[in-house]
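The structure under discussion appears below in the form of structure tokens.
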Number of protein chains: 2
Amino acid sequence: MSRIIGSPDVFAAIADPTRRAILNLLSQGEQPVKQIAQPFSMSLPAISQHLSVLCEVELVTQRKKGRQRFYRLNPEPLKQVSDWVAHYEQFWQDKLDVLGNYLEDNP
Amino acid sequence: MSRIIGSPDVFAAIADPTRRAILNLLSQGEQPVKQIAQPFSMSLPAISQHLSVLCEVELVTQRKKGRQRFYRLNPEPLKQVSDWVAHYEQFWQDKLDVLGNYLEDNP
DNA sequence: ATAATAGTTAAGCAAATACTTAACTAATAA
DNA sequence: TTATTAGTTAAGTATTTGCTTAACTATTAT
């Protein structure tokens with residue numbers, strides 16, 4: 001169960017609430033770092049570090065323009081999470097079915 | 001972006017690969033701790049600690065029988081993850097649509 | 001050239017995490 | 001009763017994480 005070297009975990013990347021909030025911001029379109037940082041009560045370097053974690057798992061990409069760096073959401077690695085959770089989705093669906101059947105039989 | 005007290009994060013709980021593997025094991029049905037621990041090269045207390053993390057976010061439940069404790073998967077908190085990722089699913093779907101349209105127009 | 005702006009990198013730190021071994025509790029078996 | 005089994009809890013440790021401030025790089029503006 002050890003981590004594969006050079007392939008950091010997307011699950012670990014989205015574990016942090018600040019990083020999830022950043023992804024949420026970026027779902028409105030690409031933004032420069034200062035603008036990303038603005039809603040957070042945290043230093044710019046902190047945000048920069050979060051962005052590089054997201055970059056490493058390729059949840060965001062960078063584009064340089066002048067002295068700004070625009071970060072853009074790349075949702076594709078989230079497929080990994082989606083696929084993983086889908087497996088369990090089936091389980092809670094089964095559970096709801098059982099409940100549904102029960103309610104049908106016991107109205 | 002601070003953590004809600006008394007409501008530990010399910011995202012943090014599934015960030016650990018060992019815990020995800022445990023959930024995967026439990027998807028085959030409830031199991032006592034020793035059996036859960038068996039495939040891992042890790043001490044029993046380590047597994048016990050992982051189980052209590054999963055318990056805190058209610059991804060597993062406990063049932064005592066004699067001196068054994070059976071742990072059972074409770075997938076419901078994963079809805080939170082499912083809902084979160086679904087929002088982005090739309091995004092990569094859009095992206096695929098754009099690609100699809102491009103391929104249609106440029107066969 | 002100098003200063004200002006946008007951002008990263010470096011260094012350091014406190015807290016959290018993922019383990020370990022040892023000591024404990026509770027239930028069964030001899 | 002004593003020993004064994006199943007598991008948790010306690011205590012300690014090494015590593016990682018999420019921040020901070022200070023120093024740096026690169027680009028634009030004066």
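In what follows, every chain begins at residue 1, and chains take the letters A, B, ... in the order their sequences are listed.
- B:F70 and B:L73 are not part of a single hydrophobic cluster, where members link through side-chain heavy atoms under 4.5 Å apart.
- Between the CD atom of B:E56 and the P atom of C:dA18 there is a distance of 12 Å, rounded to whole Å.
- In this structure, B:R72 places its CZ atom where only 12 or fewer heavy-atom neighbours from other residues, nucleotides or ligands lie under 6.0 Å away.
- In terms of modelled atom types and a separation under 3.5 Å, the side chain of A:E89 and the main chain of B:S82 share no donor-acceptor contact.
- Between the B:Y88 side chain and the A:N24 main chain, a donor and an acceptor come within less than 3.5 Å of each other.
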What does the B/S/- profile of nucleotides 24-30 of chain C look like, 5' to 3', with a 4.0 Å heavy-atom cutoff to protein? ---BBS-
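- For the pair B:S48 and D:dG7, the criterion of a side-chain N or O lying under 4.0 Å from OP1 or OP2 is not met.
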Give the C-alpha distance, both sets of side-chain angles, the deciding distance and a yes or no for side-chain contact (heavy atoms from CB on, under 4.5 Å) between A:W84 and B:V85. CA-CA 11 Å; A:W84 180 81; B:V85 83; over 6 Å; no
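- As rounded to whole Å, 15 Å separates atom C1' of D:dA6 from atom CD1 of B:I47.
- Taking atom CD1 on A:I22 and atom C1' on D:dC19, their separation rounds to 13 Å, with Å as the unit.
- Evaluation of the side chain to side chain contact (heavy atoms under 4.5 Å, CB included) rule for B:S48 yields no partner, not counting sequence neighbours.
- Atom P of nucleotide D:dT17 and atom CG of A:L54 are separated by 13 Å, given to the nearest angstrom.
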Polar pairs (N or O, both sides) under 3.5 Å between protein and nucleotides 19-23 of chain C?
unit_1	atom_1	unit_2	atom_2	d
C:dC19	OP2	B:H50	NE2	2.6
C:dT20	OP2	B:S43	N	3.0
C:dT20	OP2	B:S43	OG	2.6
C:dT20	O4	B:Q49	NE2	3.1

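- Remark: the A:Y71 side chain and the A:Q62 side chain contain an N/O donor-acceptor pair separated by less than 3.5 Å.
- Atom CZ in A:R63 sits roughly 20 Å away from atom P in D:dA26 (whole-Å rounding).
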Just the table, please: protein N/O against nucleotides 12-16 of chain C N/O, every pair under 3.5 Å.
none

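- An OP1 or OP2 oxygen of C:dT8 is reached within less than 4.0 angstrom by a side-chain nitrogen or oxygen of A:Y71.
- Looking only at distances, a side-chain donor or acceptor of B:Q31 sits under 3.5 Å from a matching main-chain atom of B:L25.
- Under the side chain to side chain contact (heavy atoms under 4.5 Å, CB included) criterion, A:A37 pairs with A:L44, A:I47, sequence neighbours left out.
- Residues A:I22 and A:V53 are members of separate hydrophobic clusters, defined by side-chain heavy-atom contacts under 4.5 angstrom among Ile, Leu, Val, Met, Phe, Trp and Tyr.
- Nearest heavy-atom pair across B:L59 and B:A13 is CD1-CB, 4.4 Å.
- If you take CD of B:Q68 and P of D:dT8, they are 12 Å apart, rounded to a whole angstrom.
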Determine whether A:I36 and A:H50 satisfy the following criterion, side-chain contact (heavy atoms from CB on, under 4.5 Å), listing intermediate values before the conclusion. CA-CA 11 Å; A:I36 295 168; A:H50 280 305; over 6 Å; no
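- For the pair A:R19 and A:I14, the minimum side-chain heavy-atom distance is 4.5 Å or more.
- A:D9 has its CG atom 16 Å from the P atom of C:dT17, to the nearest Å.
- Each of B:N74, B:V60, B:T61 was checked for a side-chain contact (heavy atoms from CB on, under 4.5 Å) with B:C55, and the lone residue meeting it is B:V60.
- If you measure from atom CZ of B:F70 to atom C1' of D:dG7, you get 13 Å, rounded to the nearest angstrom.
- Near-neighbour residues of DNA chain D inside residues 29-37 of chain A, defined by a heavy atom below 4.0 Å, are absent.
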